[in-house]
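Presented below is the structure to which this report refers.
For clarity, every value in this text was computed on a predicted model and none was experimentally measured. Excluded from the calculations below are hydrogen atoms, water molecules and symmetry mates; all remaining heavy atoms, backbone and side chain alike, are included.
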Amino acid sequence: MRNAGKMNIFTVCMMTVGAVVSLRGLPMMAKEGLSMIFYILFATVMFLIPASLVAAELGGAFSNKGGGVYTWVTEAFGSRWGFTAIWLQWIQNVVWYPTVLGFAASALAYLFMRPELAANGTYTGIVILICYWAATVLTLAGSNVASSITKYGVVLGTILPGVIIIVLGLLWIDQGHPIEFLQGGAHIVGGHPHMRIFPHFTGFGSVAFLAGIILLFAGVEVHAVHANEMPNPSREFPESMFLAAGIIFSLFLMGSLAVAAVVPADKISLTAGLMQAFKQVLDAFGIGFMTPVISLLVAFGTIGGVMSWVGGPSRGLLHTARQGEIPPFMSRVNKNGIQRNILLIQGGIVSLLAALYFVMDNVSVAFFVLSAMTVTLYLVMYILMYAAAIKLRYTRPDLPRAYKVPGGNVGMLFLAGTGLIGVTFALVVGFFPPSNLPVGNPVLYVGLVAAGMAVFIGLPFLIHSFKKPEWKQTMDD
């Protein structure tokens, strides 16, 4: 049953902006110079808008069932693929933790007034393990600390530093300081410097960052389910999404340009780039003592975000336990009702992936390898989601869709088809080492990304092949 009228355009718009906007993506986009405009626009048009509108239709159609992407894909292709979809949504989040905590570790290095630590893999790996396991222990204890930290972390750790870096970037330009993306980002045409808006395509490696930037926009399907809570979903939800797309595009663009204006592209660290820009600008304005304060806010916001996610997506996996999709030992909960075994397995995988920071020479490369691995997993889930939306239009035309993608079946084919093209292209380029990062051995890079994808996509099929009828009955034992 539809719970209409509780959400307005602005509320859904802000929920989407909050789910997508993240400071950790600014250095990756800034490294592309003015080409970032193409990347952000591509991600908005080819991913953000199709994913949110398609997920809104699916969410409204199955609002009485819950289960999110598991239910959507199961209804279209059966429980094997439904389980694979929810598994991918969970496991990509597990692979994501070491990347976002690597960003937090870099911010903390500036808090300790030791910026060089941001490039130290051992330091980064240790901080990831300490922060992640602390968050896990608090989650297992049923603590409310995570929700409190998250509530203030979004405002103090994401919005406030984001606004500050944009303002500082504008002041930097206004006071006549050199604008770095105009120094090194131009190429010569007819004897004159000419800025490049489109990437200089010399192979898939030259646009490899596209996969990482697409990842920054992922997760919109989580809030799209609220479309059926709007008074007039068919009109208001698209309006809220286009408004959110405009805000997200503007914030990412202005924040990235601020970093790119201050730090030369070849010097931008994927993990520490934001703090590099803060330090340089604050030092130039004679207020360098504020750097540790800003770094504390950024780290606080990032760690708070992780704490809110540690227990969240794994609840989705626990939902499949009620359907008997996973072995009973994975569905065990502790006295606080927290999914103990799933969280411990999750922690083991995070610890293993964090080891990449210990063994790889370049922290930015380790960060990007994990980002590429994350995005390949998530994009496969989106392929399943788009395919399910198209199929259900034909096999289940009777579904009570609170919001419906306009244009009939042709409209759905066009929109979901656009999304499929976008995610498939990003999936392909994700396997190519970026030409502007010192990846070392390209074969090792491709091998790590491919192995991660093969293992993490193969596991749900392996688990499903051992599925037994009694799993469902023994879930609560």
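Residues satisfying the side chain to side chain contact (heavy atoms under 4.5 Å, CB included) test with Leu253, not counting sequence neighbours, are Met36, Ile37, Ile40, Phe249, Leu257. Listed by chain and residue number, Thr44, Leu48, Ile49 satisfy the side chain to side chain contact (heavy atoms under 4.5 Å, CB included) test with Ala245 (two or more places apart in sequence, or in another chain). Residues passing the side chain to side chain contact (heavy atoms under 4.5 Å, CB included) test with Phe329, sequence neighbours excluded: Pro327, Asn341, Ile345. Trp90 pairs by the side chain to side chain donor-acceptor pair (under 3.5 Å) definition with Gln346, not counting sequence neighbours. Contacts of Thr424 classified as side chain to side chain contact (heavy atoms under 4.5 Å, CB included), with partners at least two apart in sequence or in another chain: Ile383. With sequence neighbours left out, the ring pair (Phe, Tyr, Trp, His ring centres under 6.0 Å) criterion links Tyr386 to no other residue. For Phe358, there are no ring pair (Phe, Tyr, Trp, His ring centres under 6.0 Å) partners two or more places apart in sequence or in a different chain. Not counting sequence neighbours, the partners of Tyr132 by the ring pair (Phe, Tyr, Trp, His ring centres under 6.0 Å) test are Tyr97.
Inter-residue side-chain proximity for Leu274 and Leu26 is flagged as met; some heavy-atom pair is nearer than 4.5 Å. Residues Tyr382 and Leu420 fail the side-chain proximity criterion, which asks for heavy atoms closer than 4.5 Å. Residues Pro442 and Phe432 fail the side-chain proximity criterion, which asks for heavy atoms closer than 4.5 Å. Glu325 is listed as a side-chain neighbour of Tyr70, based on a closest heavy-atom distance under 4.5 Å. The side-chain heavy atoms of Val380 and Gln92, taken from C-beta on, include no pair separated by under 4.5 Å. Taking 4.5 Å as the limit, some side-chain heavy atom of Tyr39 sits within range of a side-chain heavy atom of Glu32. Taking the side chain as every heavy atom from C-beta outward, Phe252 and Phe217 approach each other to under 4.5 Å. Using a 4.5 Å cut-off on side-chain heavy atoms (C-beta onward), Leu356 and Pro98 make no contact.
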For residues 108-118, which side-chain N or O atoms pair as donor and acceptor with protein atoms under 3.5 Å away, sequence neighbours left out?
from: Arg114; atom 1: NE; to: Glu116; atom 2: OE2; distance (Å): 2.4
from: Arg114; atom 1: NH2; to: Glu116; atom 2: OE2; distance (Å): 3.4

Mind listing the side-chain donor-acceptor pairs of residues 449-461 below 3.5 Å, one per line with the distance, residues two or more places apart or on another chain?
none

Counting only pairs under 3.5 Å, give me each side-chain donor-acceptor contact of residues 263-271, with atom names and distances, residues two or more places apart or in other chains.
from: Ser269; atom 1: OG; to: Thr271; atom 2: N; distance (Å): 3.2
from: Ser269; atom 1: OG; to: Thr271; atom 2: OG1; distance (Å): 3.2
from: Ser269; atom 1: OG; to: Ala272; atom 2: N; distance (Å): 3.0
from: Thr271; atom 1: OG1; to: Ser106; atom 2: OG; distance (Å): 3.0

For residues 282-293, run the donor-acceptor check on the side chains, cut-off 3.5 Å, and write out each pair with its distance to 0.1 Å, sequence neighbours left out.
from: Asp283; atom 1: OD2; to: Lys279; atom 2: NZ; distance (Å): 2.9
from: Thr291; atom 1: OG1; to: Gly288; atom 2: O; distance (Å): 3.0

Test side chain to side chain contact (heavy atoms under 4.5 Å, CB included) on Phe83 and Ile86; report intermediate values, then the result.
CA-CA 5 Å; Phe83 175 57; Ile86 191 69; 4.2 Å; yes
Run the numbers on Leu427 and Val423 for side chain to side chain contact (heavy atoms under 4.5 Å, CB included), then give the verdict.
CA-CA 6 Å; Leu427 183 63; Val423 296; over 6 Å; no
Under the criterion side chain to side chain donor-acceptor pair (under 3.5 Å), I'd like the reasoning laid out for Trp96 against Ser371: C-alpha separation, chi angles, the key distance, then a yes or no.
CA-CA 7 Å; Trp96 169 80; Ser371 294; over 6 Å; no
The test is side chain to side chain contact (heavy atoms under 4.5 Å, CB included); show your working for Val54 and Leu58 and say whether it passes.
CA-CA 6 Å; Val54 168; Leu58 292 169; 4.1 Å; yes
Derivation and outcome, side chain to side chain contact (heavy atoms under 4.5 Å, CB included), residues Asn93 and Tyr378:
CA-CA 9 Å; Asn93 215 73; Tyr378 216 168; over 6 Å; no
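Across Val94 and Ile349, no two heavy atoms sit closer than the pair CG1-CG2, 3.7 Å. A pairwise comparison of heavy atoms in Gly157 and Leu23 identifies O-CD1, 3.5 Å as the closest pair. Here the shortest heavy-atom pairing between Ala366 and Met360 reads CA-SD, 3.7 Å. Contact between Gly430 and Tyr445 at its shortest, heavy atoms only, is O-OH, 3.7 Å. Considering every non-hydrogen atom in both Ser295 and Ala107, the closest pair reads CB-O, 3.0 Å. Pairing each heavy atom of Trp133 with each of Ser351, the nearest pair is NE1-OG, 3.0 Å.
Proximity of a side-chain donor or acceptor of Tyr357 to a complementary backbone N or O of Ile128 within less than 3.5 Å is not detected. Judged purely by atom type and a 3.5 angstrom limit, Gln89 has no side-chain atom pairing as donor or acceptor with the backbone of Val69. Here the side chain of Asn334 pairs no donor or acceptor atom with the backbone of Gln339 at under 3.5 angstrom.
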